[in-house]
Amino acid sequence: MPAPHPIPPPERTPIVRTEGDRRTLEFTPGDIQSEMRLSRPTALVLRYTRAMMCFVLLTPRPRHIVLVGLGGGSLVKFCHLHFPDTRITVLEQRLDVIALREQFAVPPDDARLTVLHCDGAAWLALAAPGSIDVVLVDGFDAEGLSPNLSSAAFYADCRKALAPGGVLVANLFTYDPDYVTAVQRLRRAFGGALCWLSGIAGNNAILFAQRPAGPEGAPGPAMRLLRDTLRNRGLGGGWSNRLLARLLLAWLAWRDR
């Protein structure tokens with residue numbers, strides 16, 4: 001007799017904590033998923049979120065950004081503020097997370113911003129080819145990254161949905177047992193057009209995969225610089241790459257004044 005299908009564990013209710021100027025979102029007590037300063041709700045507090053915004057090195061003026069995972073809305077708030085001419089689509093499968101958007105100062109839907117309650121992988125599988133410039137994948141919950149957000153099929157669907165020169169940004173934990181396999185899947189899906197900035201976000205590895213825009217599928221100059229010339233070291237080490245991320249955020253703030 002075949003073994004019954006395992007019953008998935010119940011989803012943990014999101015925990016919102018407010019202490020002074022700090023508000024956090026957690027699924028497991030003490031394990032911070034998102035953090036906001038009440039005095040500066042659009043600022044990127046956590047290191048990995050600043051690292052993910054380094055996609056501007058590859059795609060500085062995206063027309064359409066898709067975020068897989070809303071969380072506390074740090075990335076969507078920052079993108080909504082600093083890319084005023086960009087359409088933003090957020091894919092979130094949990095209604096209880098979407099219900100927290102006002103507590104985390106996520107702006108309401110408007111002509112540029114849409115938050116959808118849906119399965120991100122399924123939505124991207126049906127997205128129009130070449131219709132997206134940046135896909136930010138940050139779909140973590142209490143159990144970690146959902147397996148369907150690091151599968152070969154998912155990465156292939158993202159590549160198809162990206163416009164030439166478009167970028168997929170994947171947030172992965174280096175201690176995840178599936179980490180090496182996920183990196184290999186990304187490399188295969190994007191024909192080797194894959195890079196990162198060494199040590200920029202601690203145990204969070206932020207990988208940038210680009211759909212080539214050049215002739216014969218050749219990676220663009222920024223990708224070649226980061227991947228080949230700098231050998232995925234960026235400015236050399238973790239502290240210098242973290243400084244680079246902060247400088248890029250300052251440049252965005254200056255550019256969009």
Side-chain angles (χ1 to χ4, degrees), residues 11-27 32-46 48-50 52-53 55-56 59-128 131-142 146 149 158 161-163 166-169 171 248-249 252-257:
E11 291 185 332
R12 294 184 174 93
T13 301
I15 302 167
V16 178
R17 299 185 190 275
T18 304
E19 298 180 5
D21 192 42
R22 179 173 179 258
R23 179 167 293 167
T24 60
L25 173 65
E26 307 166 16
F27 292 110
I32 295 173
Q33 298 284 326
S34 188
E35 182 173 341
M36 179 182 75
R37 302 295 184 200
L38 296 176
S39 58
R40 297 181 61 208
T42 61
L44 296 178
V45 178
L46 298 181
Y48 88 89
T49 59
R50 296 193 293 270
M52 292 186 76
M53 290 304 304
F55 73 77
V56 297
T59 307
R61 294 187 181 276
R63 294 162 299 176
H64 185 194
I65 297 174
V66 171
L67 298 97
V68 183
L70 173 63
S74 299
L75 289 168
V76 64
K77 287 182 291 185
F78 188 88
C79 290
H80 191 260
L81 175 65
H82 292 289
F83 296 95
D85 299 320
T86 301
R87 184 159 59 97
I88 301 167
T89 304
V90 184
L91 313 175
E92 173 56 59
Q93 65 178 357
R94 294 187 55 161
L95 280 173
D96 55 359
V97 170
I98 295 175
L100 300 174
R101 62 188 293 179
E102 288 189 10
Q103 292 192 54
F104 284 91
V106 177
D109 286 9
D110 56 25
R112 294 194 297 118
L113 172 63
T114 304
V115 177
L116 300 175
H117 174 225
C118 66
D119 180 293
W123 189 93
L124 280 160
L126 299 175
S131 61
I132 302 168
D133 297 290
V134 177
V135 178
L136 299 171
V137 183
D138 187 31
F140 286 87
D141 58 21
S146 173
L149 297 182
C158 288
L162 286 169
V167 177
L168 165 65
V169 186
N171 176 23
L248 284 171
L249 299 192
L252 283 172
W254 173 83
R255 185 190 72 173
D256 296 318
R257 283 185 303 178

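In this chain, residues are counted from 1 in sequence order.
- Counting all heavy atoms, side chain and backbone alike, P108 lies closest to L113 at O-CD2, 3.9 Å.
- Between V135 and L162 the shortest side-chain heavy-atom distance falls below 4.5 Å.
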| task | Take V134 and V66 through the test side chain to side chain contact (heavy atoms under 4.5 Å, CB included) and record every step on the way to the result. | result | CA-CA 6 Å; V134 177; V66 171; over 6 Å; no
| task | List the steps and the verdict of side chain to side chain contact (heavy atoms under 4.5 Å, CB included) for R63 and R87. | result | CA-CA 6 Å; R63 294 162 299 176; R87 184 159 59 97; over 6 Å; no
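- Remark: side-chain polar atoms of K77 are not paired, donor with acceptor, to backbone N or O of A105 under 3.5 angstrom.
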| message | The test is side chain to side chain contact (heavy atoms under 4.5 Å, CB included); show your working for L100 and L25 and say whether it passes. | response | CA-CA 9 Å; L100 300 174; L25 173 65; 3.7 Å; yes
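- Remark: R50 CZ to S74 OG distance equals 10.5 Å, nearest 0.5 Å.
- Residues L67 and T89 form no side-chain contact, since every pair of their non-hydrogen atoms from C-beta on lies 4.5 Å or further apart.
- For the atom pair L116 CG and L91 CG, the distance stands at 6.0 Å (nearest 0.5 Å).
- To the nearest 0.5 Å, the span separating CG on D133 from OG1 on T86 amounts to 8.0 Å.
- A 4.5 Å side-chain heavy-atom check between T49 and F78 finds every atom pair outside the cut-off.
- A donor-acceptor pair under 3.5 Å links the side-chain atoms of H117 to the main chain of Q93, judged by distance alone.
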| said: With side chain to side chain donor-acceptor pair (under 3.5 Å) as the criterion, how do S131 and H64 come out once you've worked through the C-alpha distance, each side chain's angles and the decisive distance to 0.1 Å? | reply: CA-CA 8 Å; S131 61; H64 185 194; 5.1 Å; no
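- Looking at T114, L75, V115, V76 one by one, the single match for side-chain contact (heavy atoms from CB on, under 4.5 Å) with I88 turns out to be V76.
- The number of heavy-atom neighbours closer than 6.0 Å to CZ of R40, taken from other residues, nucleotides and ligands shown, is 12 or below.
- Classification of R37 and D21 as a salt-bridged pair fails, no side-chain N sitting under 4.0 Å from a carboxylate O.
- To the nearest 0.5 angstrom, S146 atom OG is 7.5 Å from D119 atom CG.
- In terms of heavy atoms, V106 sits closest to G72 at CG2-O, 3.9 Å.
- Using a 4.5 Å heavy-atom cutoff, the side chains of R61 and R255 are in contact.
- The two residues I32 and S34 have their closest heavy-atom pair at CG2-O, 3.4 Å.
- Looking only at side-chain heavy atoms (C-beta outward), R23 and L38 come within less than 4.5 Å of each other.
- In plain terms, the two heavy atoms of P107 and H80 that are nearest each other are CG-ND1, 3.8 Å.
- In this model, no donor atom of one side chain and acceptor atom of the other lie less than 3.5 Å apart for T24 and R17.
- At least one side-chain heavy atom of V56 sits less than 4.5 Å from a side-chain heavy atom of L252.
- Checked by atom type and distance alone, the side chain of R112 pairs as donor or acceptor with a backbone atom of F83 at under 3.5 Å.
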| said: Determine whether L46 and L44 satisfy the following criterion, side chain to side chain contact (heavy atoms under 4.5 Å, CB included), listing intermediate values before the conclusion. | reply: CA-CA 6 Å; L46 298 181; L44 296 178; over 6 Å; no
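- E35 places none of its side-chain heavy atoms less than 4.5 Å from the side chain of F104.
- A salt bridge links R101 to D109: one of the charged nitrogens lies within less than 4.0 Å of a carboxylate oxygen.
- A 4.5 Å side-chain heavy-atom check between L124 and I132 finds at least one atom pair inside the cut-off.
- Closest non-hydrogen pair, C79 versus L136, comes out as SG-CD1, 4.4 Å.
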